[in-house]
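Taking it in order: structure first as structure tokens, then the write-up.
To find a chain, count down the sequence lines: A is the first, B the second, and so on, and within it residues start at 1. Predicted model only: the values in this text are computed from it and were never measured.
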2 protein chains.
Amino acid sequence: MESEILELESFLPYRLYRLADVVSREFSKIYRDRHGLTRPEWRTLSGLGQHGTMTATALGEQSAMHKTKVSRAVAELERRRWLTRTADEHDRRVERLALTKAGLAAYREMVPLAKAFERELLERLSAEERAAIASGVAALEEALEEKS
Amino acid sequence: MESEILELESFLPYRLYRLADVVSREFSKIYRDRHGLTRPEWRTLSGLGQHGTMTATALGEQSAMHKTKVSRAVAELERRRWLTRTADEHDRRVERLALTKAGLAAYREMVPLAKAFERELLERLSAEERAAIASGVAALEEALEEKS
DNA sequence: TTTCGATGGTTACAAATGAAACCAAGTTGG
DNA sequence: CCAACTTGGTTTCATTTGTAACCATCGAAA
């Protein structure tokens, strides 16, 4: 028979959320303290740094952001002159986004910090634990994609 | 030599966050659709259902919520008459929170749904994958506790 | 062509959040 | 005893977020 109480500390949705929250909060210091970026702004910068030129829609898909978040992040980065918009020739609804020199410089500065952050986090785990989190997360990602 | 670009899709903080976001969003339908609860309200209900009587501070610790979230969630549940506050005899700053019959009924109704949600999520994984996510998450939790 | 639905993106509004100030009640050290 | 500090909890204010409505453009079908 199943117990009628739920142990929150063991409940996977709660544990995942809390874990992500702590990690994300810690990591956010890197882009918040140095440049005062928000998470959507960081993700936008990161997406464009990684891919060169993207549309707002593509950014939203790549980094799992609602389009209003993308819109506002892009507006802010444009205000900072970290990115530019260029009208697409074939479809005038679309704008092609790309980092400016300044945006790229900020991105290049942050990439090593991000990698160091991840490395230091994983270094606290044993090799087996690292393998476990990697395959566990991958499995869950896959399971969730299928469903929806 | 390390690449100077960062692949967001492989970056652990991002993956964790997205995973938690999807899972949490999916799960939230259970308490949102049925009762119009927010996440802090659900966690408060869950904490009290699990522990019987708690203070607001204890709730915040157990469920990783900022005290303002707790305060607001408690106020709302009180408004619904799902919980009551009782003054602590020994320390008049403290209030002892407990679910009413109605609160407990809602809790009891939701527990099986929560468990079913978790079960169905995990059922999509193989036994090895389930073990992997369990030990990976536990290892990360531990690693993060130590540090701070 | 004109119309109609879908798509790219922005804006307006309401709700949720976090930080900091706050109030009250406790504790501690002189 | 009483000032200074801490703790439990609430409130205020600015920021962030999500939903929905919106505008413009596109593609397809009549």
Side-chain angles (χ1 to χ4, degrees), chain A residues 17-18 20-22 24-29 31-33 35-44 47-48 53-79 83-98, chain B residues 17-18 20-22 24-29 31-33 35-45 47-48 53-80 83-98:
Chain A
Y17 194 93
R18 195 186 48 179
D21 195 52
V22 172
S24 175
R25 214 176 275 277
E26 193 66 31
F27 177 60
S28 75
K29 289 180 188 159
Y31 50 76
R32 194 165 46 70
D33 291 355
H35 296 293
L37 293 177
T38 63
R39 185 166 43 225
E41 286 155 21
W42 150 252
R43 286 193 187 169
T44 299
L48 293 175
T53 295
M54 299 177 83
T55 67
T57 302
L59 262 172
E61 280 163 11
Q62 196 225 353
S63 53
M65 293 191 290
H66 188 90
K67 59 187 189 165
T68 61
K69 275 191 188 172
V70 175
S71 175
R72 297 189 254 241
V74 166
E76 169 59 21
L77 294 186
E78 184 186 32
R79 201 193 57 71
L83 67 75
T84 55
R85 316 186 194 224
T86 317
D88 184 288
E89 303 167 20
H90 304 300
D91 186 341
R92 284 189 301 172
R93 293 169 303 180
V94 174
E95 29 196 37
R96 323 194 71 234
L97 307 167
Chain B
Y17 195 93
R18 195 187 48 182
D21 196 53
V22 172
S24 175
R25 216 177 274 278
E26 194 65 32
F27 177 59
S28 75
K29 289 179 189 160
Y31 50 78
R32 196 167 44 70
D33 291 354
H35 295 293
L37 294 178
T38 63
R39 185 166 45 224
E41 285 155 20
W42 150 251
R43 285 192 186 170
T44 299
L45 183 70
L48 293 176
T53 295
M54 299 176 84
T55 67
T57 302
L59 263 171
E61 280 162 10
Q62 198 224 350
S63 54
M65 295 192 289
H66 188 89
K67 58 185 188 167
T68 62
K69 276 192 189 170
V70 176
S71 174
R72 295 189 256 241
V74 166
E76 169 60 20
L77 294 186
E78 184 185 32
R79 200 193 59 69
R80 291 182 183 225
L83 68 74
T84 54
R85 317 186 194 223
T86 317
D88 185 288
E89 304 169 19
H90 303 301
D91 186 341
R92 286 190 299 174
R93 293 169 306 181
V94 174
E95 29 195 37
R96 323 194 73 231
L97 306 167

- request: Taking Ser28(B) for its side chain and Arg25(B) for its backbone only, find out whether a donor-acceptor pair lies under 3.5 Å.
  value: yes

statement: Minimal heavy-atom distance between Leu97(A) and Thr55(A), with the atoms involved, is CD1-C, 4.0 Å

query: Counting only distance, no hydrogens or angles, is the base of dT25(D) paired donor-acceptor with the side chain of Arg92(A) under 3.5 Å?
result: no

- prompt: Between dC26(D), dG8(D), dT10(C), which nucleotide gets closest to the side-chain atoms of Thr57(B)?
  reply: dG8(D)

query: Which of the following nucleotides, dG8(D), dT7(C), dG9(C), is nearest to the side chain of Val94(B)?
result: dG8(D)

- request: Give the dot-bracket string for DNA chain C, reading 5' to 3', where a pair is Watson-Crick or G-U wobble with both distances under 3.5 Å, ( ) marks pairs inside the strand, [ ] marks pairs crossing earlier ones, | marks a partner on another strand, and . marks unpaired.
  value: ||||||||||||||||||||||||||||||

query: So does Arg96(B) get a side-chain nitrogen or oxygen closer than 4.0 Å to the phosphate oxygens (OP1/OP2) of dG9(D)?
result: no

How many Å lie between [atom1] on [X] and [atom2] on [N], as a whole number?
{"X": "Glu76(B)", "N": "dT10(D)", "atom1": "CD", "atom2": "P", "answer": "14 Å"}
{"X": "Asp88(A)", "N": "dT25(D)", "atom1": "CG", "atom2": "C1'", "answer": "12 Å"}
{"X": "Arg93(A)", "N": "dG8(C)", "atom1": "CZ", "atom2": "C1'", "answer": "6 Å"}
{"X": "Glu61(B)", "N": "dG9(D)", "atom1": "CD", "atom2": "P", "answer": "10 Å"}
{"X": "Met54(B)", "N": "dG9(D)", "atom1": "CE", "atom2": "P", "answer": "11 Å"}
{"X": "Leu83(A)", "N": "dG9(C)", "atom1": "CG", "atom2": "P", "answer": "13 Å"}
{"X": "Leu59(A)", "N": "dG8(C)", "atom1": "CG", "atom2": "P", "answer": "13 Å"}
{"X": "Lys29(B)", "N": "dT19(D)", "atom1": "NZ", "atom2": "C1'", "answer": "15 Å"}

Between [Y] and [X], is there a side-chain heavy-atom distance shorter than 4.5 Å?
{"X": "Val74(B)", "Y": "Arg85(B)", "result": "yes"}
{"X": "Glu41(A)", "Y": "Leu77(A)", "result": "yes"}
{"X": "Arg80(B)", "Y": "His35(B)", "result": "yes"}

task: Please test Met65(B) against Thr44(B) for side-chain contact (heavy atoms from CB on, under 4.5 Å), starting from the C-alpha separation and ending with a verdict.
output: CA-CA 9 Å; Met65(B) 295 192 289; Thr44(B) 299; 3.6 Å; yes

field: Closest-nucleotide ordering on DNA chain C, the 5'-leading residue of Asp91(A) and Glu89(B)
entry: Asp91(A)

task: Measure the spacing between CG of Leu48(A) and CD of Gln62(A) and express it to the nearest 0.5 Å.
output: 8.5 Å

task: Give me the ring orientation class for Trp42(B) and Tyr31(B): parallel if the planes are under 30° apart, tilted from 30 to 60°, perpendicular past 60°.
output: parallel

query: Any salt bridge between Glu76(B) and Arg72(B), counting N to O under 4.0 Å?
result: no

N/O contacts under 3.5 Å, protein versus nucleotides 16-23 of chain C?
residue: dG18(C); atom: OP1; partner: Arg25(A); partner atom: NH2; Å: 3.4
residue: dG18(C); atom: OP2; partner: Lys69(B); partner atom: NZ; Å: 3.4
residue: dG18(C); atom: N7; partner: Arg72(B); partner atom: NH2; Å: 3.1
residue: dG18(C); atom: O6; partner: Arg72(B); partner atom: NH1; Å: 3.4
residue: dG18(C); atom: O6; partner: Arg72(B); partner atom: NH2; Å: 3.3

